[in-house]
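One structure is given here, and the rest of the page talks about it.
All chains are named by letter (A, B, ...) in the order of the sequence lines, taking the proteins before the strands, and each is independently numbered beginning at 1.
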Number of protein chains: 2
Amino acid sequence: MSPDADHPPKRRPTRAETKARTRRLLLDAAARTYARKGFAGASVEEVAEAAGFSIGAVYSNFGSKERLFVELLKERASEQVSRATRIMADAQAGDDPVPALGRLLANAADKDPDFAPLQAEFWLYAVRNPPLMETLAEELRGPRAELESLMGKALEHVGAAGSVPADAVATIAMALFQGLLRQRRIDPASVPDELLGQAMQWLLAGIAASGTTSGAPGPAHPDAPAATDDPAAADRPEENR
Amino acid sequence: MSPDADHPPKRRPTRAETKARTRRLLLDAAARTYARKGFAGASVEEVAEAAGFSIGAVYSNFGSKERLFVELLKERASEQVSRATRIMADAQAGDDPVPALGRLLANAADKDPDFAPLQAEFWLYAVRNPPLMETLAEELRGPRAELESLMGKALEHVGAAGSVPADAVATIAMALFQGLLRQRRIDPASVPDELLGQAMQWLLAGIAASGTTSGAPGPAHPDAPAATDDPAAADRPEENR
DNA sequence: GTCTATATCAAGATAGAC
DNA sequence: GTCTATCTTGATATAGAC
């Protein structure tokens, strides 16, 4: 609406700029606070104080406590997953993906202790509010497609492209990541850094072994659903013995 | 207090018996209510009403809201995991573990919709209360040992015993189960019933392929963890920290 | 746009009736 | 041992000052 905002932020802090800054600070504080105490367990006063503001700032920028959480979910849910996918892409690019995936797990678990609880809060909130579950699913669709194509390349790399839909491998990879992250908080010793990368290696090796029997080429299923989600992933591998 | 309670409950509802019955009803109602609305989001009045009692009954049997939740955690955390492990054992016993693991996933996801949210609540509560995290870890140690020996047998079955610690495979299996369970709630189409069983099959096949090269034993991967063929690993949980 | 003060209400917990 | 009534606190949300 106001055409004055076409200058890069240089000297004069625009009204809309300070508001955007306050908004970001509040969202960051909300992420920390909701991760630490939970959505229902944390008060908006705690969030506001964590950001260095008072209650009024929250209600000025967001309408209610729920809206604040939903805005946070929309910003963070996709951001976090895309970050994980990007690191997975780097892991794939290098010769040995194991240490890269290990760093991914270690960073998400130890360096950012609020990540996993916040993800759990998002999931619980979405489960309890069906309309927002759809929103969460949509937010995750983009990063998930990236992960899917990444897994497709990984399948090609082990010579198992087409034998198994990349969709299934992407789901497994994501489930493994989140599950190991949670388990590491309960018992860190049981989830060493390398476990995620090793599991993915074993998984891909197993797919390769199941698809092509003992190195004999010839994928029995040349159908390769590239980007569309294929619910009929019940394509069972040939018996390996 | 009264030593009259050594009779089997036949005709006279003992004072301690009715109290135990109330306790169980309250715990069941607490499980449902906390799963549906969360620990902080649900009031003790809701729990009491869901059980058919009033607030006083809760405070008579449990001291506080927190104690009620902790008692529920101690009862349910181990029960649920042991149930999953038992079904996995059945899956292992049969010729084709894929459909059995599929039923496990489908049952936990669809037939008992409160299971996954309650597990998430347990985890979040434990993460936020370090002393209870130790309790949760201890509760899970028993069922986890069973799962570990089960995975040891699975490794033997594919001829990869000793190449990889069963401990790691158990961790991966559990992470997969919980991760797929969560993902199924967000997008059911992306997690078909057979996915868990297939992932486990691929994983074991990959371990067999990586560990024993065409039947020759010996770990060939330098980045593999210390390959300890310790069959007593199931009986002996690792020392913490 | 942000803060202070406050209205309103719900929830945890307790005391005494039955 | 369980219920009813109540105390007390803390939290959401709002209204007006600066």
Side-chain angles (χ1 to χ4, degrees), chain A residues 1-2 4-5 9 12-30 32-34 36-72 121 125 128-129, chain B residues 1-5 9 12-30 32-73 121 125 128-129 132:
Chain A
M1 296 298 179
S2 60
D4 292 343
R12 182 177 56 186
T14 315
R15 203 72 158 195
E17 235 299 311
T18 59
K19 185 186 173 84
R21 181 177 168 275
T22 307
R23 215 184 124 93
R24 166 174 291 176
L25 288 174
L26 283 173
L27 281 173
D28 290 354
R32 276 177 282 141
T33 309
Y34 287 150
R36 265 182 51 99
K37 317 249 307 197
F39 169 66
S43 64
V44 303
E45 189 176 9
E46 281 177 296
V47 174
E49 284 186 355
F53 295 96
S54 191
I55 315 178
V58 175
Y59 286 94
S60 172
N61 287 274
F62 309 90
S64 68
K65 187 190 184 185
E66 290 215 324
R67 284 192 57 142
L68 169 61
F69 186 79
V70 170
E71 293 298 313
L72 181 67
E121 286 291 327
Y125 193 90
R128 289 164 186 157
N129 298 50
Chain B
M1 293 293 185
S2 59
D4 291 344
R12 185 177 54 185
T14 315
R15 205 72 158 191
E17 234 300 309
T18 60
K19 185 186 172 84
R21 181 177 169 276
T22 306
R23 214 185 124 94
R24 168 175 290 179
L25 289 174
L26 283 174
L27 282 173
D28 289 353
R32 275 177 283 140
T33 309
Y34 286 151
R36 264 181 50 98
K37 316 248 308 197
F39 169 67
S43 65
V44 303
E45 190 177 8
E46 282 177 296
V47 175
E49 283 186 356
F53 294 95
S54 191
I55 315 178
V58 175
Y59 286 94
S60 173
N61 287 274
F62 309 89
S64 67
K65 188 189 183 186
E66 290 216 324
R67 282 193 57 142
L68 169 62
F69 186 79
V70 171
E71 293 298 313
L72 180 67
L73 186 147
E121 285 290 327
Y125 193 90
R128 290 163 185 158
N129 298 50
L132 266 122

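The CG-C1' distance, from B:L68 to C:dG12, rounds to 13 Å in whole Å. One atom, CD of B:E66, and another, P of C:dA11, lie 17 Å apart when rounded to the nearest Å. Regarding B:K65, its NZ atom lies at a distance of 15 Å from the P atom of C:dA10, rounded to whole Å. Computed from coordinates, the B:Y34 OH to C:dA11 P distance equals 12 Å when rounded to whole Å.
More than 12 heavy-atom neighbours from other residues, nucleotides or ligands sit within 6.0 angstrom of CD on A:E71.
Looking only at distances, a side-chain donor or acceptor of A:T22 sits under 3.5 Å from a matching main-chain atom of A:T18. The backbone N or O of B:S43 sits less than 3.5 Å from a side-chain atom of B:E46, completing a donor-acceptor pair. Checking side-chain atoms of B:R36 against main-chain N and O of A:R128 turns up no donor-acceptor pair under 3.5 Å. In this structure, the side chain of A:S60 does not engage the main chain of A:G56 through any donor-acceptor pair within 3.5 Å. Side chain of B:K65 to main chain of B:Y59: no donor-acceptor pair is present (N/O by atom type, distance under 3.5 Å, no hydrogens or angles).
In plain terms, the two heavy atoms of B:R23 and B:N61 that are nearest each other are NH1-O, 4.0 Å. Listed here is the closest heavy atom pair of B:F39 and B:Y34: CA-CD2, 3.7 Å.
Residue A:A40 is classed as having no contact, given no heavy-atom separation below 4.0 Å to the nucleic acid. Counting any heavy atom pair closer than 4.0 Å across all strands shown, B:A42 reaches sugar-phosphate atoms only and no base atom.
Near DNA chain C, meaning a heavy atom under 4.0 Å away, the residues from residues 53-61 of chain A are A:F53, A:S54, A:G56, A:A57, A:S60, A:N61.
For DNA chain D, the contact window with chain A, defined by any atom under 4.0 Å from a protein heavy atom, covers D:dA11 to D:dT14 in 5' to 3' order.
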